[in-house]
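Since the structure comes first, as structure tokens, the remarks are kept for the end.
All heavy atoms count here, side chains included; hydrogens, waters and symmetry mates do not. Here is how names work: the chains are called A, B, and so on, in the same order as the sequence lines, proteins then strands, and each is numbered from 1. No experiment lies behind these values; they were computed from the predicted model shown.
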Amino acid sequence: MKITLDPTVTPFNLDYTLQCGQVFRWQKHDEWWYGVVTEKMTKIRQMDNILEFEGANDDFVKKYFRLNDPLPLITSKIGKDDYIKSAIQAFAGLRLIRQDPWECLISYICATFNNIPRIKKMINNLARQFGNKLNFEGHTFYTFPSPKNLANAGLKTLSTCKLGFRAEKVLETAKIIDAKTIRLAELGKLDYENAKKELLKLPGVGDKVADCVLLFSLNKLEAFPVDVWIKKSILKHYVAYFAKSSVHKTLEKKSLTHGEYKRISTFTKEYWGEYAGYAQQYLYHYERSICKTA
DNA sequence: CAAGTGCCTTTATC
DNA sequence: AGATAAAGGCACT
């Protein structure tokens, strides 16, 4: 199937969107991106303004890649200064993805104090151990394991997936989700604050992981996850908005206290408003790309 | 209550 | 080769 995009109304860049580190399971072979979404294989590629895909339908692709988000309006709203304008320009067409909340939740629990290559490895280990096998065009893929599969896994088996200290959190969270004590899909109906309050009840979920789940899977575009890269970026380029005495100390330390997290995300939410999450993703990818090439 | 401190597995990368 | 840093969380002061 194909979708033809009008670049003035629906700018989109598939590579930026899948490579920027918001989602961990897509693989690129030649021109095509391969991914397992909603239990089945999908492959997709972009040629200029044509999006070609198999295994998923139009509605899914539009929803998953948020093609109905008014990106030109969003980027004009968040483009409040020269710095973020250059980030937006560098990765024009980068969009947030509407991930599956359950997979997103476990992915970002695994992302705790971790790096992207290893996050990918851990999630793939989980899928291989506890997911369903799919054969597709000579390659083997696995679905993301269900809450029940992880809840029944047992800590010992789970530990073979090399999750480290996160194994226990994944297991306990899986039990809660499997028991439907917290219904993930329902949280999207709550407002940002109340949805976050629920997420924070889950083991392994603090400020940052909760904001990732809210932004990347529960449609809360005002959520602004603050990780080590974003912390550096904000305190470097928006330092005027913070008390000078505290900035240096915050930059020195590896992890943020709740207070420091709150100070940064309060600023970003006031500065960028309802689409702060988009600003976060552009800044995050920009900061990392600068660091890699430096 | 808020705020600060130290520890938590594992490994890619330098 | 050995240290460092990695899309942080949490228990304890």
Side-chain angles (χ1 to χ4, degrees), chain A residues 16-26 87 91 94 96-97 99 103-126 155-173 176 196-218 220 223-235 243 245-246 248-266 268 276-294:
Chain A
Y16 294 156
T17 299
L18 289 176
Q19 272 167 353
C20 68
Q22 60 176 320
V23 64
F24 302 103
R25 295 236 300 149
W26 288 85
F91 297 109
L94 170 61
L96 291 170
I97 287 177
Q99 299 184 39
E103 178 170 343
C104 185
L105 171 63
I106 297 301
S107 298
Y108 280 94
I109 289 176
C110 290
T112 301
F113 205 55
N114 206 349
N115 52 48
I116 290 181
R118 210 160 73 87
I119 297 165
K120 289 180 178 172
K121 201 160 283 181
M122 286 172 10
I123 297 171
N124 284 327
N125 289 343
L126 283 176
L155 196 53
K156 212 170 188 178
T157 326
L158 212 53
S159 297
T160 64
C161 296
K162 303 292 181 185
L163 305 187
F165 63 85
R166 305 161 196 85
E168 203 175 331
K169 312 293 183 188
V170 168
L171 180 60
E172 294 308 312
T173 288
I176 294 172
K196 183 165 181 176
K197 200 180 294 176
E198 289 300 303
L199 285 172
L200 290 175
K201 293 176 182 171
L202 296 167
V205 178
D207 277 320
K208 192 269 178 179
V209 173
D211 278 330
C212 286
V213 175
L214 289 164
L215 177 61
F216 299 135
S217 74
L218 292 176
K220 302 303 180 195
F224 193 98
V226 182
D227 76 311
V228 290
W229 297 96
I230 284 292
K231 177 189 80 174
K232 275 188 244 172
S233 178
I234 296 293
L235 294 183
S245 56
S246 65
H248 185 66
K249 200 169 67 177
T250 305
L251 277 171
E252 289 280 287
K253 291 188 301 180
K254 290 180 203 160
S255 57
L256 295 173
T257 65
H258 178 68
E260 289 168 330
Y261 190 99
K262 192 115 192 187
R263 247 169 275 148
I264 294 178
S265 66
T266 299
T268 59
Y278 264 97
Q280 193 271 3
Q281 205 53 38
Y282 281 104
L283 291 176
Y284 174 76
H285 198 39
Y286 195 53
E287 181 72 18
R288 285 175 56 92
S289 71
I290 289 170
C291 238
K292 277 181 203 161
T293 57

Open item on the list: Looking at B:dC14, which nucleotide sits across from it as a Watson-Crick or G-U wobble partner, both distances under 3.5 angstrom, or is there none?
Closed with: C:dG2
TODO: May I ask you to evaluate whether A:R166 reaches the phosphate of B:dC8, defined as a side-chain N or O under 4.0 Å from OP1 or OP2?
DONE: no
Open item on the list: Both distances below 3.5 Å, Watson-Crick or wobble geometry, any strand: find the nucleotide opposite C:dA7.
Closed with: none
Output one line per pair: protein atom, nucleotide atom from nucleotides 11-14 of chain B, and distance, for all N/O pairs under 3.5 Å.
residue : atom : partner : partner atom : Å
B:dA12  : OP1  : A:K121  : NZ           : 3.1

Open item on the list: Between P on C:dG9 and CD1 on A:I106, what's the gap in Å once rounded to a whole number?
Closed with: 14 Å
TODO: Could you tell me whether the side-chain ring of A:Y108 sits stacked on the base of C:dA7, using a centroid cut-off under 5.5 Å and a plane angle under 30°?
DONE: no
Task: Nearest-Å distance once atom C1' is located in both C:dA6 and B:dC8 - done: 14 Å
Task: d(CD1, A:I109; P, C:dA6) in whole Å - done: 21 Å
- [ ] Could you measure between the two C1' atoms, the one in B:dT5 and the one in C:dA7, and give it in whole Å?
- [x] 23 Å
Open item on the list: Between P on B:dA2 and CD on A:E260, what's the gap in Å once rounded to a whole number?
Closed with: 15 Å
Task: Side chain of A:K169 - closest among C:dA7, C:dC10, C:dG9 - done: C:dC10
- [ ] Could you work out the separation of B:dC1 and C:dA11 based on their P atoms and round it to a whole Å?
- [x] 15 Å
Task: Length of the line joining A:M122:CE and B:dT9:P, which is rounded to integer Å - done: 14 Å
Task: A:N114 versus A:Y108, side-chain donor and acceptor atoms under 3.5 Å - done: no
TODO: Name the closest nucleotide to the A:F113 side chain, picking from C:dA5, C:dA7, C:dA6.
DONE: C:dA6
TODO: Would you mind classifying the nucleic acid contact of A:K253 as base, sugar-phosphate or nothing, using non-hydrogen atoms under 4.0 angstrom?
DONE: nothing
Task: Spacing between A:K254 atom NZ and C:dG9 atom P, to the nearest angstrom - done: 16 Å
Task: 5′-ward residue of the pair A:K249/A:S255 relative to DNA chain B - done: A:K249
Task: Note: A:K231-A:E260 ion pair, threshold 4.0 Å (strictly below) - done: no
- [ ] Could you tell me whether the phosphate oxygens of C:dC10, OP1 or OP2, come under 4.0 Å of any side-chain nitrogen or oxygen in A:K208?
- [x] no
TODO: Report which part of the nucleic acid A:I230 touches: base, sugar-phosphate, or nothing (heavy-atom distance under 4.0 Å, all strands).
DONE: nothing
